[in-house]
2 protein chains.
Amino acid sequence: MFWGGRAGGGYIRCRHRLGSMALTREQLIDTAVGVLSEFGLADLSMRRLARELNVQVGALYWHVKSKQELLVDVAAKLLGSVPRPATPTAGAIPLAIASLLQQLRTALITVPDSAEVIQLAQSMRPDALAPLGWLMDFLELAGIPPHEVPYARHLLLNHLLGSIAAHQEFQALAGGPETDSAPDELGQEAFEYGIRVILQGLAMEHPANAA
Amino acid sequence: MFWGGRAGGGYIRCRHRLGSMALTREQLIDTAVGVLSEFGLADLSMRRLARELNVQVGALYWHVKSKQELLVDVAAKLLGSVPRPATPTAGAIPLAIASLLQQLRTALITVPDSAEVIQLAQSMRPDALAPLGWLMDFLELAGIPPHEVPYARHLLLNHLLGSIAAHQEFQALAGGPETDSAPDELGQEAFEYGIRVILQGLAMEHPANAA
DNA sequence: ACCTGAACACCGTTCAAGT
DNA sequence: ACCTGAACACCGTTCAAGT
């Protein structure tokens with residue numbers, strides 16, 4: 001959620017821009033990813049970004065149209081590390097789906113409020129997040145009727161984002177990002193359980209596909 | 001999402017408080033539900049509520065500790081119309097789950113941003129939303145191993161809230177709350193599809209239960 | 001082309017002081 | 001007990017004017 005303590009102070013180590021050379025859109029996005037990763041969405045304000053980059057707030061609006069547009073780019077960058085999987089053979093589709101989702105989870109789980117950012121981006125520009133398109137491709141490949149593919153994708157996506165959000169909430173209450181070993185585990189188990197259940201359900205609903 | 005156009009103007013027909021008698025917490029909650037229902041979460045500010053109630057902002061903080069606490073009560077009120085279902089017989093558990101979820105959807109689908117409000121409430125005070133507890137009871141009754149019951153509940157809840165949010169987004173883009181007939185339908189179909197898939201998947205994962 | 005300075009119209013929360 | 005008035009520390013966005 002976007003609520004919760006305004007953590008306030010705390011600067012990012014590197015200023016991301018020194019002296020004289022012009023600010024770039026890339027720098028702006030990278031700084032936004034940095035602030036999000038370290039302090040969360042509540043601290044990710046345009047004014048905070050301007051401070052971090054040693055510019056006035058207005059300057060940011062020469063590079064992006066709005067905060068929302070910036071967040072779409074932030075979301076895309078968060079998923080940028082997930083590699084495009086090879087097209088799976090017919091029998092291996094459920095496995096390919098599961099491993100894509102696992103990669104998405106890994107990319108997002110350490111970034112606070114990442115689920116919300118992805119959801120916003122997804123609702124603003126459904127095409128901006130390539131990996132979510134791959135998911136649809138896989139479901140089509142599995143032989144799910146075209147008009148139900150979006151339903152199935154939503155089901156998987158809601159589970160992914162929901163279980164990331166739940167895990168981060170839980171961690172927040174437990175205080176800090178889990179200093180001791182076995183940091184994830186419970187969230188990971190819940191995540192895998194859901195994937196298993198949904199894939200099994202899909203296999204029953206669409207007897208044509210492989211599972 | 002909490003973003004989107006600040007709709008701005010537009011007052012609620014009845015002032016909810018006239019003249020001299022003291023403001024009550026109930027009035028505050030009801031007004032909040034009213035503003036949410038008509039204008040959405042972006043317009044639901046403490047200052048707006050104060051205006052609507054003809055009080056100064058500070059007055060609200062005598063009745064509630066914070067905006068978040070108020071929103072928990074708003075969430076509870078939104079689900080207040082859902083009646084406690086009778087305990088189902090063993091064979092009818094999946095049906096009871098499906099119909100409870102349908103009732104929850106019906107209670108929330110017309111209220112903008114209701115999914116976010118429920119999610120916030122659920123994360124702040126997991127016990128405040130009784131109907132979500134009933135869901136867990138049903139899953140236990142279905143013979144799901146205790147430590148997996150929360151996983152299954154999350155799965156269903158994420159689908160419910162996710163499909164409500166998706167439906168409202170879609171409607172927002174389509175302009176206004178669908179003036180012509182057949183207003184829901186698509187969202188309803190996606191919703192039922194997901195329920196079916198999840199329940200089938202649960203039945204496979206836990207052969208003991210009935211489906 | 002790129003940025004500053006300043007404004008506009010907002011936020012949530014607190015708290016001394018009034019009744 | 002219940003509320004006002006005023007402040008504190010913020011927001012996102014716009015835009016004339018500077019370089």
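Each chain gets a letter, A, B and so on, in the order the sequences are listed, and its residues count up from 1.
Residues satisfying the salt bridge (Lys or Arg N to Asp or Glu O under 4.0 Å) criterion with A/Glu69, sequence neighbours excluded, are A/Arg25. Under the ring pair (Phe, Tyr, Trp, His ring centres under 6.0 Å) criterion, A/Tyr193 pairs with B/Tyr151, B/His206, not counting sequence neighbours. For B/Ala166, the side chain to side chain contact (heavy atoms under 4.5 Å, CB included) partners at least two apart in sequence or on another chain are A/His154. In this view, B/Ile109 and B/Arg105, B/Ile164, B/His167 satisfy the side chain to side chain contact (heavy atoms under 4.5 Å, CB included) rule, not counting sequence neighbours. The side chain to side chain contact (heavy atoms under 4.5 Å, CB included) check on B/Ala107 picks up B/Ser81, B/Val82, with sequence neighbours excluded. Partners of A/Glu148 by salt bridge (Lys or Arg N to Asp or Glu O under 4.0 Å), not counting sequence neighbours: none found.
Side-chain N/O atoms of B/His63 include one lying less than 4.0 angstrom from OP1 or OP2 on D/dC3. Look at A/Gln56 and you won't find any side-chain N or O under 4.0 angstrom from OP1 or OP2 of C/dC3.
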Practice task
Both distances under 3.5 Å, Watson-Crick or G-U wobble: on that basis, could you give the dot-bracket string for DNA chain C, with [ ] for crossing pairs and | for other-strand partners?
Solution key: ||.|||||...|||||.||
Which donor-acceptor pairs under 3.5 Å do the side chains of residues 133-141 of chain A make with protein atoms, sequence neighbours left out?
none

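Under a 3.5 Å cut-off, the side chain of A/Lys65 and the backbone N or O of A/Leu70 do not form any donor-acceptor pair. Here the side chain of B/Gln168 pairs a donor or acceptor atom with the backbone of B/Val111 at under 3.5 angstrom.
Between the C1' atom of C/dC3 and the CZ atom of A/Arg25 lies a distance of 17 Å, rounded to the nearest Å. Whole-Å rounding puts the B/Leu53 CG to D/dT4 C1' distance at 15 Å. Taking atom CZ on A/Arg48 and atom P on D/dA9, their separation rounds to 17 Å, with Å as the unit. A/Arg51 places its CZ atom 11 Å from the C1' atom of D/dC11, with the value rounded to the nearest Å. Atom pair B/Leu60:CG and C/dC11:P shows a separation of 12 Å (rounding to whole Å applied). The distance from atom CG of A/Leu41 to atom P of D/dG12 is 10 Å, rounded to the nearest whole Å. The nearest whole Å value for the distance from the CG atom in A/Asp43 to the C1' atom in D/dC11 is 13 Å. One interatomic measurement links the two molecules: CG of A/Leu28 to P of C/dC2, which rounds to 14 Å at whole-angstrom precision.
Counting only heavy atoms from C-beta on, A/Leu23 has its side chain closest to C/dC3 among D/dC3, C/dC3, D/dG12. Ranking D/dC11, C/dC2, D/dA1 by closeness to the A/Ser45 side chain, first place goes to D/dC11.
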Completion exercise
Once base and sugar-phosphate atoms are separated, protein heavy atoms under 4.0 Å mark nucleotides 13-19 of chain C, 5' to 3', with B, S and - as BBB----
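Comparing the P positions of D/dA9 and C/dC10 gives an interatomic distance of 22 Å, to the nearest angstrom.
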